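Everything on this sheet refers to the single structure shown next.
Both counts, for ligands and for their atoms, begin at 1 and track the order of listing. Please read all numbers here as calculations on a predicted model, not as lab measurements.
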Amino acid sequence: MAQQHRTPIESGCPDGLQYTHPVMRKNFGLWKFHEDPRPGVLRHVAHSGDEIWTVRAGTQRILDIFTLRKLCDIGDKFADGYVRFTIRSNIEYMVADEAKVQPLINALEDAGFIVGGTRNSVAMISHTQGWLHCDIPGTDASGVVKAMMDELIEEFKGWNMPNRVHLTTSCCQINCGGQGDIAINVQHTKPPKINHDVVGNVCERPSVVARCPVAAIRPALVNGKPSLEVDEKKCICCGACFPPCPPMQINDPEHTKLAIWVGGNHSNARSRPSFQKLVAAGIPNNPPRWPEATAVVKRILKAYQQDARDWERINDWIERIGWPRFFEVTNLPFTKFHIDNWRGARRSLNASTHIRF
Ligand code: SF4
Ligand code: SF4
């Protein structure tokens, strides 16, 4: 008998359009223009003449149920009962009546939320999971965000920057986390320490060997037990071996540091992508407030604010003034750690005598 086809049950995300504000649904794809009447507020006007106002407030992304209920209550009482979250963890309320905008802002601010994050502000930092929800973080990205945004509230609330600034954080070196105008990323500085007593029981050794991008890991017998060894001369301290093999511990209170990269930007209709570059390394990974990393971020933001032309993003600004001037105006030291001397970088360094135009 022919086998009967079993239709898979579709259990993906439901279509989000059904949950959007009725004015947005009605005018989907039919907007005429939008403008920014004040920080944290957008006004969209449709060809039909309909208007909708959006009020944006920052949140901590990992929300407890009480805060979430509070935000929803504000939406029911002061907005039209519709919210959405942006990819940078802001909550946005939509209202079809301009008279509701100011009372909504007042209600959010009275409850301790910060309205802003639009146009030429420092947007909410996007971050990865950190200690709460992942098995390999070397720092708590959410904590770094909280500590930094506490000091950047005015930059979030106002339009004080030459253009928008996207900040990102990431709590390991290899997995999620994006590039941003300023990215705060973990930097491991020592090879992993191996607990040979458990490797044989816990790790699938061929997969761990295959994970290493520089072939620094070899199978080995240690004290008669199957284990692994690392050629520390080759190891680039990336931490890729740690997720499949937790006994290859790379997180370390002293040697796991933070590094700051700048100038990353995704491609868009007008420009190519630009890749971020390391500007500060070996910054102490210092919870709960990470003051050293915050100080570097603030220094870069101040130099950008003072030196960039209107509407230049950080990467445009650096391209115009050049890297030597960037280090001069930010007063960041240029050290040997900024030089890409990894042997695999022969392909990425411009090491030939060819002249390129
Ligand atoms: S960046 Fe790394 S450690 Fe952080 S959540 Fe993603 S995978 Fe986990
Ligand atoms: S840290 Fe990275 S380079 Fe070093 S042994 Fe592990 S996978 Fe290889």
Please could you name the atoms of ligand 1 that Asn175 approaches to less than 4.0 Å, counting only its heavy atoms? 2 (Fe), 7 (S)
Of the protein's non-hydrogen atoms, which lies at the shortest distance from atom 4 (Fe) of ligand 2, and what is that distance? Cys235 SG, 2.3 Å
Give me the residue, atom name and distance of the protein heavy atom closest to atom 1 (S) of ligand 2. Gly239 N, 3.2 Å
Is there a heavy atom in Ala141 that sits closer than 4.0 Å to ligand 1? no
Which residue owns the protein heavy atom closest to atom 8 (Fe) of ligand 2, what's the atom, and how far is it? Cys212 SG, 2.3 Å
Report the relative orientation of the aromatic rings in His44 and His34; use parallel for angles under 30°, tilted for 30 to 60°, perpendicular for over 60°. parallel
Under a 4.0 angstrom heavy-atom cut-off, which atoms of ligand 1 come close to Cys134? 3 (S), 5 (S), 7 (S), 8 (Fe)
Verify the distance test for Cys241 against atom 2 (Fe) of ligand 2: any N/O/S atom under 2.8 Å, yes or no. no
May I ask whether Ile91 and Phe78 are part of the same hydrophobic cluster, defined by side-chain heavy atoms of I, L, V, M, F, W, Y residues being less than 4.5 angstrom apart, directly or through others? yes
Counting heavy atoms only, which of Leu228, Ile217, Ile250, Ile236 comes nearest to atom 5 (S) of ligand 2? Ile217
Decide, yes or no, whether a salt bridge links Lys146 with Asp150 under the criterion of side-chain N to carboxylate O below 4.0 Å. yes
Is the shortest side-chain heavy-atom distance between Tyr304 and Asp181 below 4.5 Å? no
Phe242 and Asp135 have their tightest heavy-atom pair at CE2-O, 4.3 Å
For atom 2 (Fe) of ligand 2, what is the closest protein heavy atom, and at what distance to 0.1 Å? Cys238 SG, 2.3 Å
I'd like to check which ligand 2 atoms, numbered from 1 as shown, lie under 4.0 Å from a non-hydrogen atom of Val214. 3 (S)
Within the stated cut-off of 2.8 Å, is an N/O/S atom of Cys176 closer than that to atom 6 (Fe) of ligand 1? yes
If you look at every heavy atom in Ala79 and Lys100, which pair is closest and at what distance? O-NZ, 4.4 Å
Ligand 1 atoms in contact with Ser170 (distance to a heavy atom under 4.0 Å): 1 (S)
Do the rings of Trp323 and Phe326 sit parallel, tilted or perpendicular, given the 30° and 60° boundaries? perpendicular
Value rounded to 0.5 Å, distance of CG in Asp197 from OG in Ser227: 8.5 Å
